[in-house]
Visitor: 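Shown below is the structure under consideration.
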Amino acid sequence: MSVKPLVAVALLAAGCAAAPPPSFTATLTSPTDVVLSWPDDGAGHRVEYANDPAGPWTTLRFLPPHTTSYHHPGLIPETPFYYREQPFTGPVSTELHAVTSGDTVTFTWTDRSPDEAGFLLEIRRPGAPDFDPVEVTDPNVTTCALPLLPGEEKSAYRLRTLRYGPLSPVVHQTTGKER
């Protein structure tokens with residue numbers, strides 16, 4: 001009879017030791033810089049912050065698939081920052097049309113999805129290996145216009161139907177004193 005409690009204690013201890021590391025972390029890398037990290041799950045990620053755990057939340061960036069970190073630099077000293085991330089996926093459309101007028105490109109497309117969270121316009125600048133998100137629309141929007149920045153004249157664009165995965169747990173860092 002005395003063996004059973006020892007086995008239970010050993011199993012509990014083993015369970016505690018085997019807990020997986022957090023999947024989303026915030027690390028203070030200087031008094032005013034935070035680096036956010038998460039595992040590569042093949043999805044893109046939207047990164048948000050707030051100064052209160054209840055929000056309001058501000059999107060920092062939409063990051064392309066296989067990106068596993070984000071550097072949030074030059075923050076206000078001695079201030080709490082709360083972060084969360086959310087994976088996104090969605091098929092790339094082949095029906096994107098672009099018309100250039102002066103320094104503006106206007107994009108149009110057909111909305112063929114009844115349940116998207118919006119659309120994500122991505123750009124691959126000349127010489128860049130990958131596409132980067134540049135614009136996010138609301139659901140059911142079928143047009144957007146962007147200014148052409150210097151060097152973007154020969155860029156490639158694509159449109160992604162946007163679907164979000166679950167939000168991560170909120171992580172927190174308080175910045176230090178400015179040096």
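A quick note: this is a predicted structure, and the numbers were derived from the prediction, not measured.
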Visitor: Is it true that atom CG of Leu148 has more than 12 heavy atoms of other residues, nucleotides or ligands lying nearer than 6.0 Å?
Guide: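 Atom CG in Leu148 is crowded, with more than 12 foreign heavy atoms closer than 6.0 Å.
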Visitor: Please report the shortest heavy-atom distance between Pro80 and Thr174, naming the atom on each side.
Guide: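 Closest approach of Pro80 to Thr174, heavy atoms only: CA-OG1, 3.8 Å.
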Visitor: Taking Thr89 for the side chain and Ala43 for the main chain, is one N or O donor matched with an acceptor at less than 3.5 Å?
Guide: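 It does not hold such a pair.
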Visitor: Rounded at 0.5 Å granularity, tell me how far CH2 in Trp57 sits from OH in Tyr49.
Guide: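 Between atom CH2 of Trp57 and atom OH of Tyr49 there are 10.5 Å.
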Visitor: Can any side-chain N or O of Ser168 pair as donor or acceptor with the backbone N or O of Glu85 at less than 3.5 Å?
Guide: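 Yes, because the side chain of Ser168 sits within donor-acceptor range (under 3.5 Å) of the backbone of Glu85.
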Visitor: Could you go step by step and tell me if Leu167 and Gln86 meet the side-chain contact (heavy atoms from CB on, under 4.5 Å) rule?
Guide: CA-CA 5 Å; Leu167 281 167; Gln86 185 171 34; 3.7 Å; yes
Visitor: Backbone N or O of Val141 within a donor-acceptor pair of the Trp109 side chain at under 3.5 Å?
Guide: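 Yes: the side chain of Trp109 pairs with the backbone of Val141.
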Visitor: Within a strict 4.5 Å, meaning less than it, do heavy atoms of the Arg112 and Thr161 side chains meet?
Guide: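 In short, these two side chains do not touch, never coming nearer than 4.5 Å.
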Visitor: Between the side chain of Thr143 and the main-chain N/O of Phe107, is any donor-acceptor distance below 3.5 Å?
Guide: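 Pair found, side chain donor or acceptor close to backbone of Phe107.
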Visitor: Any donor-acceptor pair under 3.5 Å linking the side chain of Glu153 with the backbone of Gly151?
Guide: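 Yes: the side chain of Glu153 pairs with the backbone of Gly151.
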Visitor: Other residues, nucleotides and ligands only: do more than 12 of their heavy atoms fall within 6.0 Å of CG on Asp41?
Guide: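 Enclosed.
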Visitor: Is it the case that the ring center of His45 lies less than 6.0 angstrom away from the ring center of Tyr70?
Guide: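 Tyr70 vs His45: aromatic centres not under 6.0 Å.
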Visitor: Using side-chain heavy atoms (C-beta onward) and a distance below 4.5 Å, is Thr29 in contact with Gln173?
Guide: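 The answer is no; the side chains never approach within 4.5 Å.
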Visitor: I need the minimum non-hydrogen distance between Pro166 and Pro87, along with the two atoms involved.
Guide: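 Where Pro166 meets Pro87 most closely, the heavy atoms are O-CD, 3.3 Å.
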Visitor: For the residue pair Ile123 and Ser155, establish whether any side-chain heavy-atom pair is separated by less than 4.5 Å.
Guide: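 Answer yes - side chains close enough.
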Visitor: Please assess Leu121 against Leu96 for the test side-chain contact (heavy atoms from CB on, under 4.5 Å), listing each intermediate value before the final yes or no.
Guide: CA-CA 10 Å; Leu121 183 66; Leu96 180 63; 3.8 Å; yes
Visitor: For Glu78, does its backbone N or O pair with a side-chain atom of Thr175 as donor and acceptor, under 3.5 Å?
Guide: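 Here the side-chain-to-backbone pair exists.
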Visitor: Please find the pair of heavy atoms, one from Pro147 and one from Glu152, that lie closest to each other, and give the distance.
Guide: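 Taking every non-hydrogen atom into account, O-OE1, 4.0 Å.
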Visitor: What distance separates Asp33 CG from Leu28 CG, expressed to the nearest 0.5 Å?
Guide: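 Spacing of CG (Asp33) from CG (Leu28) equals 8.0 Å.
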Visitor: Donor-acceptor pair, distance only, cut-off 3.5 Å: does the side chain of Thr142 make one with the backbone of Asp111?
Guide: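 No, because the side chain of Thr142 does not come within donor-acceptor range (under 3.5 Å) of the backbone of Asp111.
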Visitor: Any donor-acceptor pair under 3.5 Å linking the side-chain atoms of His71 with those of Ser69?
Guide: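 Ser69 vs His71: no donor-acceptor pair found between side chains.
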Visitor: Of the non-hydrogen atoms in Phe131 and Ala156, which two are nearest, and what is the gap between them?
Guide: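 Result for this residue pair: CE2-O, 3.6 Å.
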Visitor: For Val170 and Tyr83, run side-chain contact (heavy atoms from CB on, under 4.5 Å): C-alpha distance rounded to whole Å, both residues' side-chain angles, the deciding distance at 0.1 Å, then the answer.
Guide: CA-CA 5 Å; Val170 173; Tyr83 297 95; over 6 Å; no
Visitor: What residue among Thr106, Val134, Thr104, Asp103 forms side chain to side chain contact (heavy atoms under 4.5 Å, CB included) with Leu146?
Guide: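 With Leu146 as partner, Thr106, Val134, Thr104, Asp103 yield a single side chain to side chain contact (heavy atoms under 4.5 Å, CB included), made by Val134.
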Visitor: With distance as the sole test, does Ser93 use its side chain to make a donor-acceptor pair with the main-chain N or O of Glu95 at under 3.5 Å?
Guide: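 Between the backbone of Glu95 and the side chain of Ser93 there is a qualifying donor-acceptor contact (under 3.5 Å).
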Visitor: Got a second to check how far Glu116's CD is from Asp138's CG, nearest 0.5 Å?
Guide: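 So the gap between those two atoms works out to 10.0 Å.
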Visitor: Any side-chain heavy atom of Trp38 sitting closer than 4.5 Å to one from Val47?
Guide: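 Of all side-chain heavy-atom pairs linking Val47 with Trp38, at least one is under 4.5 Å.
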